[in-house]
Each structure stands twice: as structure tokens, then as C-alpha cells.
Peer 1: 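This structure is in C-alpha cells; I'll ask about it shortly.
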Amino acid sequence: MIMIELYLTSGLMMMLGVYCVAMKPNLIKKIIGLAIFTDAIHLLLITIGSRENGIPPIITPENVNTFSQFSVDPVPQALVLTSIVISLSITALALCIAIIAYRHFKTLDTEKMSDLRG
Amino acid sequence: MDVIVKTTVKGLFPFILLFGVYIILHGHLTPGGSFPGGTMVVVGITLVALAFGLRKAERIIKEETAHIIEGTMASFLIFLVIFETFFRSVLTPSGTIFNLWSAQQVLLLNVFGGIMVTMALTVIVFLLIKE
Amino acid sequence: MITIVLSVLFLAAFLVLVLKRDIIAISAIIFSFIFFLLAYFSPDIMMFAFSGWSPPFGIVWVLDKLGLFMAIMITGIMSLTAVYSVKYVKERKHRYYTLICLLTIGLIGISLTGDIFNMYVFFELMSVASYALVAFLLNKESTEAALKYLITGSLSSSFLLVGIAMLYGLTGTLNMADMALKISGGPVFMIVLGLILGGLSLKSAIVPFHFWLPDVHPAAPSPVSALLSSVIIGSGVYMTIRIIFTVFGIMSIFWMLIILGLITMVVGGLMAIMQKDVKRLLAYSTVSQVGYIFIAIGMGTPAGVTAGLFHLFNNILLKCLLFLSFGIILWHTGTRDLNKLGGLGKRMPWVAFCFGIGALGTAGIPPLNGFASKWLIYLATWEVSPIITSIAIIVSAITLAYYLKVFSCIFMGPSTFKIVKKTPKTMLIPIIILAIICIIIGILPQIGMMFVEPATNVLLEQGQYINAVLGVG
Amino acid sequence: MMKRNIVVGVCMVMIFSFMLYVFMFPGFGEWDNKSVAEHYIQNSLKETNSANVVGSIVWDFRSFDTLGEETVLFTAAMGIFSLVMFGLGKGEGK
């Protein structure tokens with residue numbers, strides 16, 4: 001079943017993302033780790049909706065009648081569209097706050113930040 | 001930025017814009033709707049902003065007007081989505097299935113969503129550049 | 001009907017910025033408060049399917065007694081805080097009010113949807129609005145706290161999304177009632193429930209993930225931290241309860257929840273005693289109150305669930321009262337440190353009175369509402385196992401200890417500050433209203449029970465919820 | 001430092017082994033329990049008259065999700081707008 005590899009890769013990406021967020025002191029790396037984690041979930045969502053030799057869920061004049069047997073499940077794709085926008089807005093906000101934090105602390109290292117907070 | 005970047009951006013910008021608008025308009029026929037199309041348009045604008053500096057990009061869309069357009073477009077989108085049962089009876093799907101004017105509901109919402117995404121992303125990009 | 005409220009709320013959020021008027025946001029929130037109050041007293045469960053699609057295919061909002069109960073609490077607290085922050089926030093007021101209005105939309109969305117993914121979208125909307133609000137003051141402390149809150153918050157909501165993706169994989173639908181039919185309660189669903197609760201426990205400040213709350217509270221502006229600890233934690237707790245009872249329909253005694261609740265209660269109480277900073281102390285007391293709620297809910301018996309919901313109701317009121325009244329003290333003196341403050345009682349009698357009500361209420365002193373709910377919790381836990389009740393009583397003694405310490409430090413003793421400004425009216429009225437409500441519910445707990453009783457049987461009769469939603473479909 | 005990565009590593013491996021168990025569950029992604037998706041595929045063309053089924057779900061069947069998502073994007077723009085304008089020290093940009 002092709003999907004086992006995809007589930008494994010999405011699991012590995014999730015582990016990578018959480019490791020990166022938990023262990024890396026640098027702030028930008030944490031934000032990148034978050035982005036990796038959310039992309040892993042998008043991969044997971046798409047593999048849930050996948051199907052053997054399925055075709056993309058666009059009805060074109062040719063495949064109108066054979067569409068319903070082969071089409072991939074469209075619902076997770078709609079969920080992924082929404083969650084991509086949400087992860088974009090979180091990353092944009094995180095970067096903006098990181099810029100302001102850098103202006104205050106002159107460093108992006110979260111350990112130093114918490115002792116500098118004073 | 002040096003000359004090479006400027007000329008390439010000058011050459012590329014209209015095509016990027018055209019392609020983005022195409023994706024938004026054909027949201028209900030081809031894959032990709034308001035969000036991918038909107039991001040493409042914004043990529044074009046950021047290219048101009050980076051290559052020619054913010055003042056040139058501001059000539060295309062000033063940041064305050066981007067805000068105003070986004071506010072009004074969002075309020076319009078709200079009405080369309082929340083009162084959609086009413087709109088559905090008004091916009092009877094007349095066109096044939098696969099040409100441009102076929103899906104009134106999805107097409108209208110797609111276009112307004114695309115405009116709103118472009119305005120929101122221009123605001124975010126301009127603010128981050130100004131930062 | 002609800003379309004009008006929703007469009008008014010959404011429009012207010014967008015128009016406040018365009019038209020540069022704050023009154024739009026405040027009036028929109030108060031209008032929705034009145035609407036939800038009226039909607040609460042209509043007999044049956046109102047349902048609204050968006051754009052006309054019947055439940056399993058379109059999104060549906062279910063206005064049952066529990067959801068409306070939360071919506072009334074949320075809009076009430078938001079309108080009081082919006083009035084409070086008219087004077088508190090001096091610069092960039094329009095952006096502050098747009099964010100407050102968007103936060104209200106997120107919270108109402110969470111409490112009323114009948115669709116899991118829609119709940120995730122509004123949960124995310126609430127979190128993004130609160131990240132921006134926490135970082136609003138832009139000083140050194142608040143940016144660092146906002147970053148910490150943002151990273152842990154978005155990590156936890158991603159775990160929630162993993163849980164929802166798996167639920168879709170297993171059941172094929174996204175509608176909560178439809179899903180409740182298909183969930184068979186096998187071991188697989190326990191794992192999915194564990195994941196979802198792991199994601200949600202951060203937002204409802206359960207022990208292993210409560211560390212962000214004490215850092216965020218001192219850094220956020222007072223009205224925001226009042227909202228944060230009362231309504232946002234309340235909606236996190238509401239989501240956990242809704243998912244456990246309505247979607248998974250687990251009625252048995254939920255030992256894992258009770259153990260977590262116990263640890264949260266004890267840790268919150270102990271940490272609160274050592275604090276020097278008043279807001280950190282209040283944050284830890286919120287953590288321990290959430291522990292109380294989860295013990296009661298974990299009982300699974302009708303008495304336990306009623307006690308838990310009643311305590312949630314009181315906790316939201318009392319925490320908001322405490323933070324807002326301390327906000328005034330902070331507004332005057334500017335310091336949060338306990339040993340610097342002192343002797344403000346004579347100068348600010350009203351604030352001292354309200355802070356006292358809040359402090360004694362959370363500690364559970366008889367005439368106030370905190371006592372009513374804690375007494376119910378003791379009764380509920382007594383049937384199951386007396387050990388839990390004894391621990392609960394000890395922790396509420398500890399709460400009384402550190403609240404008396406705080407009260408005496410701030411209000412009695414030598415007066416170190418001379419108060420220059422007079423407390424503005426708009427900041428005093430919300431606290432007095434909250435204090436009066438707490439006293440009324442304390443003296444006549446039946447009023448509170450009148451709200452909480454129907455909410456619990458919404459939770460307990462899962463079947464009634466399902467055929468209300470799908471019966472129409 | 002060492003203790004921390006062991007703890008994080010162990011709990012990560014544990015969580016994701018549970019996840020794999022859920023993925024391997026027999027009826028996980030199968031087509032038979034996807035009645036809602038089946039309905040969308042069958043008559044999305046008839047009801048919404050749009051060829052792109054995903055587009056019709058996003059904008060017509062579940063359009064309130066997309067409205068919520070646009071609001072999230074708007075909040076992000078508002079959040080950045082409220083944080084940056086002050087950051088530049090240009091004072092209160094009204």
C-alpha cells in the first residue's frame with residue numbers, strides 16, 4: 001500500500017518538527033520547526049484522502065462519467081487549504097514579534113532572552 | 001538593487017500579475033482558487049518592492065488603501081457567505097458547466113476572496129519591509 | 001436570527017479600523033450579549049445550517065443550552081472588559097478594539113459550532129488574536145512572553161489538528177453529532193482522544209503545560225490578562241468538556257482527568273504561595289481553579305458535572321474581577337511587586353472592596369459564589385472517594401492563605417504611594433457590576449444552578465444532541 | 001542538557017508509535033466509511049455547478065470555514081499592523 005511510506009514520512013517530519021522546536025535555542029529555527037510540523041500535518045491530511053491510482057478531484061469534460069470511481073477524496077484538500085492559510089498567518093505574526101524582540105534583546109537566543117528579561 | 005534584477009523584474013512583473021489574476025478568475029475550473037492566485041499577485045508586488053524600493057511599490061498599492069480595500073472587501077464577503085441561501089436563489093446557475101461564467105456562487109466568492117488575500121498579504125509584506 | 005448577530009460582529013471587527021470609531025466594537029459585543037441572553041430562554045435547541053446545506057455536508061451551528069451558556073459568559077465578560085479598557089489603553093486604540101472584537105468572534109465560534117474543523121478554525125482565530133494582544137505593549141517583557149506563548153500555543157493547536165485529521169480518517173465525517181454515532185470507543189479512539197486532550201490541555205492550563213500562563217500574565221496589559229485567564233482558559237476547558245462528552249460520549253469515571261486535575265490543583269496552589277509578583281500569583285490560582293473543575297468533571301456523575309460547570313461559571317467571573325481590579329492598582333502605582341505596594345485601602349475603597357470580594361470568592365468563603373461551587377464539588381467527590389475531597393479542602397485552605405496575604409499586603413499596612421489620579425468611572429463600573437453579580441450568586445445559588453442545570457443535561461444526554469442535529473438533516 | 005533530549009526523544013517516539021498504530025488501523029483511510037466525500041463527488045457538479053470539487057467545498061459547502069480562515073488572515077494583518085506601526089516610533093498612526 002503506497003500510503004504506508006507517506007504516513008511514515010509524515011510521522012518522521014512531525015518528530016523532526018517537534019525536536020527542532022523543543023531543542024533549538026535560536027528563535028528563527030523554532031519558527032521553522034513549527035512550519036515543518038504544520039506541513040507534516042498537511043501531508044498527513046492529504047494521505048488520508050488519497051486513493052489507489054486516484055485522479056485529482058477536478059471534473060473536466062473528458063472524465064465526467066468515470067470521475068466518481070477514480071477521484072481522490074476532496075474534503076481533506078479543502079481542510080489543507082484552510083490550514084495552510086492559518087499556518088502562514090501564524091508564521092508571519094511570529095516573525096514580526098521576533099523582529100521586535102530582536103530589537104529589544106539584541107539576540108535571537110531564547111535562553112539569553114529569558115535571563116535578560118530581568 | 002543592480003540593473004540586472006531591475007530589468008528582469010520589469011519584464012516579469014506583468015506576467016506574474018496576469019498569471020495570478022488568471023488563477024483567481026478560473027478558481028472554479030482549474031485547481032487553485034483565491035489563495036494561490038492571491039499569493040502570486042503579492043509575489044509580483046514584493047518583487048517590485050524589493051527591486052525598486054518601497055516607494056515605487058507604494059505607487060501600485062499604498063498600504064493605507066490596501067487596508068481600506070481589505071476592510072470593505074471583507075465586509076462584502078461576510079454578506080455573501082452568511083446570507084448565501086438568499087444569494088443562491090438570485091444567482092440561478094444559467095451558464096453551461098465548463099465555461100467561465102458557470103458557477104456564480106463559487107466564482108464570486110473566489111474573486112472577492114482573492115482580492116482580500118492579496119490586500120492582506122500586501123499589508124503584511126509592506127509592514128515587514130518597513131520593519 | 002443568528003445571521004444578523006454574526007454579520008454585525010464580523011462587520012464591527014472590519015469597520016472599526018476603516019471608520020476609526022471604537023464605539024462600533026463595544027456596541028457590537030453588547031448587542032450580541034443581549035441577543036444570546038434572549039436566545040438562551042427559547043425552549044428548543046436552535047440549529048442554523050450555513051448556506052442551507054444540511055448537517056453532515058454543510059457546517060451547522062447548534063445553539064444548545066451549554067453553548068449559549070458559554071456564549072453569554074463570553075460576551076458579558078468581553079463587553080465589561082471593552083468598557084474597562086476605554087481608559088486603560090491610551091495609544092493605538094482602534095487596533096486594540098479590532099483585535100478584541102476578533103477575539104470575541106473566535107470565542108463565540110468555539111462555543112457554538114457543531115463542526116469539529118470549524119471549532120479548530122475559530123480556536124486558531126482566538127489564539128492569533130490573543131498572541132497579538134499579549135504582545136501589544138511592545139516592551140521587553142511582553143515580546144518575550146508573547147513569543148513563548150505563540151510557539152507553545154501553535155504547537156498545541158497543531159496537535160489538535162492531528163487529532164481532527166485522524167478523527168476524519170476513522171469516521172469520514174466532520175460534524176460532531178455525525179461523528180458521535182460512528183465512534184465506537186475502541187482503543188484507537190482512546191489514542192485520538194489522548195492526542196486531542198494533549199493539544200487542548202495547554203490552552204486550559206493543565207499541569208504539564210501550564211508554564212506559559214505565569215509568564216504571559218505579568219507581561220500582557222491588564223484587560224487582556226483578565227480576558228486571558230478567565231475566558232480563554234474557560235473556552236479551552238469548554239472544548240475539552242464538549243469533545244469528551246458530546247463527541248466521544250465517555251460517561252465512565254475518567255481517572256486520567258481526575259489525576260491531572262489533582263496535580264494541577266496542588267501544583268497551582270503551592271506555586272502561588274511563593275510568588276512575589278501579584279499577577280503571577282493570580283495566574284497560578286487560575287491554574288489551581290482549573291484543577292478543581294477537572295476533578296469535578298472527571299467524576300462523570302451528574303452531580304460532578306454540575307459542580308464542575310458551576311465552578312467554571314464562578315471561576316470566569318471571579319478571575320475577571322480580580323484581574324480588572326488589580327489592573328486599576330497597577331494603573332495607579334505601576335508596580336506589581338507585593339512588598340512595594342501597601343496601604344491603598346483607604347484611598348481606593350471601592351477597588352479594595354471588589355478585590356476583596358474576588359479574593360474571598362475564589363478562596364471559597366460562605367456568602368460568596370466560590371463557596372457554593374466548591375461545596376458542590378466536595379459533595380460530588382465525596383461519593384466517589386473521600387481522599388480527593390480532603391485534598392480539595394486542603395488546597396482551598398492554601399488558596400485562602402495566599403489570598404489573605406495578597407489582600408493584606410496591598411490594602412492594609414503603611415501607605416507607600418500617594419494616589420494622584422482619580423480612578424476613572426469607566427474602570428470602576430465593570431468591577432462593581434462583577435462584584436454585585438458574585439455576591440448575588442453567592443447568596444442565591446439557585447440562580448447559578450438555573451443556568452447550569454440545563455447545561456449539564458445537554459452534556460449528559462448525548463442522544464438528545466445527536467437527533468437534534470441529525471434529526472433535522 | 002543531555003537529560004532533556006532523552007526525555008523529549010522518548011516521549012516523541014512514544015507519541016508517534018501510537019500514531020502509527022492509528023494509521024495502520026484497518027478501516028482508517030478506506031473509502032467505505034467516507035459517505036460525506038462520496039456525496040461531494042457525486043453531486044457537487046449538479047448542486048454548485050463548479051467543476052473544481054475542492055473549490056466548491058471550500059467556497060460553497062463549507063464556506064463558513066473559509067470566512068473564518070479569511071478572518072484569521074485579517075487578524076494576522078491586524079496584529080502585525082498594531083505591533084509595527086508603534087515599533088517604528090512614528091507615534092500614534094491614527
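What you see is a predicted model, and the numbers here were worked out from it, not measured in a lab. Throughout, protein chains are lettered first and strands after them, A, B, ... in sequence-line order, and every chain is numbered starting at 1.
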Peer 1: Using heavy-atom distances under 4.5 Å, tell me whether C:Phe159 contacts chain A through its side chain, its backbone, both, or neither.
Peer 2: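 When you check distances to chain A, atoms from both the backbone and side chain of C:Phe159 fall under 4.5 Å.
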Peer 1: Less than 4.5 Å apart, any side-chain heavy atom of C:Leu213 and any of C:Tyr284?
Peer 2: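 Of all side-chain heavy-atom pairs linking C:Tyr284 with C:Leu213, none is under 4.5 Å.
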Peer 1: At a 4.5 Å cut-off on heavy atoms, which part of A:Leu44 comes close to chain C: side chain, backbone, both, or neither?
Peer 2: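 For A:Leu44, the side chain is the part near chain C, not the backbone.
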Peer 1: Counting heavy-atom pairs under 4.5 Å to chain C, which of A:Thr38, A:Leu27, A:Val18 comes out on top?
Peer 2: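 Highest number of heavy-atom pairs under 4.5 Å: A:Leu27.
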Peer 1: Closest approach of C:Lys203 and C:Tyr131, non-hydrogen atoms and distance?
Peer 2: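 Closest pair (atom of C:Lys203, atom of C:Tyr131, distance): NZ-OH, 4.1 Å.
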Peer 1: Does the side chain of A:Lys24 reach to within under 4.5 Å of the side chain of A:Tyr19, using non-hydrogen atoms?
Peer 2: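 The answer is yes; the side chains approach within 4.5 Å.
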Peer 1: Indicate yes or no for a side-chain donor-acceptor contact from C:His217 to the backbone of C:Val278 under 3.5 Å, with no hydrogens or angles considered.
Peer 2: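 Answer holds: no.
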Peer 1: Taking 4.5 Å as the heavy-atom cut-off, does anything in residues 81-93 of chain A contact chain C, and if so which residues?
Peer 2: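 Heavy-atom contacts from residues 81-93 of chain A to chain C are A:Thr82, A:Ser83, A:Ile86, A:Ile90, A:Leu93.
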Peer 1: What orientation do C:Trp61 and C:Phe122 show, parallel under 30°, tilted 30 to 60°, or perpendicular over 60°?
Peer 2: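 Plane angle over 60°, so perpendicular.
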Peer 1: Let me confirm one number: the CD1-CE distance from C:Ile116 to C:Met176, rounded to the nearest 0.5 Å.
Peer 2: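 Here the interatomic distance stands at 5.5 Å.
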Peer 1: Answer yes if the side chains of C:Ser222 and C:Lys279 hold a donor-acceptor pair under 3.5 Å, and no otherwise.
Peer 2: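 Their side chains do contain a donor-acceptor pair, which is all the 3.5 Å distance test asks for.
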Peer 1: Hey, does A:Leu34 have a side-chain heavy atom less than 4.5 Å from the side chain of C:Leu155?
Peer 2: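 Heavy-atom side-chain distance check passes, below 4.5 Å.
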Peer 1: Measure C:Ile164 against the heavy atoms of chain A and call it side chain, backbone, both or neither at under 4.5 Å.
Peer 2: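 C:Ile164 has no heavy atom closer than 4.5 Å to chain A.
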